[in-house]
Amino acid sequence: MRLVSSGGLRHIAFIMDGNGRWAERRGLPRRFGHSHGASKFKEIVRYCGDIGIRYVTVYAFSTENWSRPEAEVDTIMGLLSDYLDDCEKTAEKDSLRMRFIGDLSRFDDGFRSRVKSLEARTSGYRNSLTVALNYGGRDEIVRACRELSESGREITEDSLGDALDTSGIPDPDLIVRTAGEMRLSNFLMWQSAYSELYFTDTLWPDMTPAEVDRAVADFFSRGRRFGGVKNIKDRSDG
Ligand code: IPE
Ligand code: IPE
Ligand code: MG
């Protein structure tokens with residue numbers, strides 16, 4: 001796949017769905033799907049960087065995912081903690097600006113301070129990876145409104161956008177959801193206003209660079225008008 005930077009595709013967000021079904025179809029416990037999904041995620045993020053995509057966001061755990069059986073939540077949290085260990089070891093090699101969005105107050109102080117220091121340590125890198133953790137789009141909007149009202153600031157689209165967890169990150173140009181569900185499941189509710197949506201039946205642990213290429217090619221076949229009449233190829237501001 002050619003490099004896509006500067007072509008109006010700065011930001012891809014992934015709803016990594018289908019880990020459980022991937023395992024169930026093999027007669028395996030769901031946790032195997034989550035661990036395969038976790039390694040796939042690293043490969044796909046790397047590939048997006050290789051083809052010139054500057055911002056990648058992944059939906060790792062939603063505010064609603066706490067309703068899963070405790071053992072499954074524990075498995076996912078264990079994988080997230082392993083992922084953080086990994087990032088701490090390879091931050092310089094990965095050269096990615098790491099950001100975490102979602103309500104991290106649900107996590108313990110140790111986890112939160114590791115996240116903060118990883119964010120600070122990688123803040124100078126150009127390409128960025130945002131991980132949505134205990135994330136819900138509605139929750140994020142409510143927290144942002146609360147912050148604005150507590151600080152007495154006027155509520156405008158700009159001030160609200162700035163108060164969101166994603167402040168400073170451009171809206172996703174393309175949202176890719178795997179595993180055949182055609183919904184956003186509370187992901188980036190504000191930021192997805194004009195995102196192009198791409199759905200594939202591929203289960204997340206089976207995701208491939210070729211599937212990313214298909215999503216990217218599909219993106220470039222779309223007419224983005226943002227409410228106007230002309231196709232706007234690129235409204236990027238950097
Ligand atoms: C996505 O895979 C991972 C998370 C939501 C954490 P699922 O676990 O939702 O997989 P399915 O949808 O049950 O197959
Ligand atoms: C969305 O997937 C959340 C993540 C991928 C982290 P879900 O599997 O939780 O979504 P629903 O329940 O099918 O809507
Ligand atoms: Mg699912």
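Whatever order the structure lists ligands and atoms in, that order sets their numbers, starting from 1.
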Residue, atom name and distance, where the atom is the protein heavy atom closest to atom 2 (O) of ligand 2: Arg177 NH2, 3.6 Å

For Ala60, atoms of ligand 1 separated by under 4.0 Å from a heavy atom: 6 (C)

Identity and distance of the protein heavy atom lying nearest atom 13 (O) of ligand 1: Arg30 NH2, 2.9 Å

Residue Glu157 excluded, over 12 heavy atoms near CD under 6.0 Å: no

Pairing of Asp50 and Arg46 as salt bridge, 4.0 angstrom limit: no

Ring centers of Phe32, Trp22 separated by less than 6.0 Å: no

Protein non-hydrogen atom below 4.0 angstrom of atom 8 (O) of ligand 2 present: yes

Residue part near ligand 1, for Asn65, under 4.0 Å between non-hydrogen atoms: side chain

Top protein contact for atom 12 (O) of ligand 2, by heavy-atom distance: Arg183 NH2, 4.5 Å

His36 atom NE2, neighbour heavy-atom count above 12 within 6.0 Å: no

Shared hydrophobic cluster, Phe61 / Met98 (ILVMFWY, side-chain heavy atoms < 4.5 Å): yes

Qualifying residue for ring pair (Phe, Tyr, Trp, His ring centres under 6.0 Å) with Trp204, from Phe41, Tyr59, Phe14: Phe14

Heteroatom distance test (Arg68, ligand 1): nitrogen or oxygen, under 3.5 angstrom: yes

Close approach of Ala179 to ligand 1, heavy atoms, under 4.0 angstrom: no

Nitrogen or oxygen atoms of Trp22 and ligand 1 under 3.5 Å apart: no

Part of Phe61 within contact of ligand 2 (heavy atoms, under 4.0 Å): backbone

Charged N-O contact under 4.0 Å between Asp165 and Arg99: no

Option whose closest heavy atom lies nearest to atom 5 (C) of ligand 2, chosen from Glu181, Met16, Arg21: Met16

Ring geometry between Tyr135 and Phe187 (parallel below 30°, tilted from 30 to 60°, perpendicular above 60°): perpendicular

Of all N/O/S atoms in Asp17, the name of the one nearest the Mg ion (ligand 3): OD1

Atom 14 (O) of ligand 2: the protein heavy-atom neighbour that sits closest, reported with distance to 0.1 Å: Ser185 OG, 2.6 Å

Ligand 1 atoms in contact with His34 (distance to a heavy atom under 4.0 Å): 3 (C), 8 (O)

Heavy atom of the protein closest to atom 10 (O) of ligand 1 (residue, atom name, distance): Gly20 N, 2.9 Å

Passing candidate, salt bridge (Lys or Arg N to Asp or Glu O under 4.0 Å) with Lys42, options Asp82, Asp86, Asp94: Asp86

Residue Arg138 excluded, over 12 heavy atoms near CZ under 6.0 Å: no

Contact check: Glu181 to the Mg ion (ligand 3), N/O/S below 2.8 Å: no

Atoms in ligand 1 flagged as close to Ile76, the criterion being non-hydrogen separation under 4.0 Å: 6 (C)

For atom 6 (C) of ligand 2, closest protein heavy-atom neighbour: Tyr59 O, 3.4 Å

Pairing of Glu24 and Arg30 as salt bridge, 4.0 angstrom limit: yes

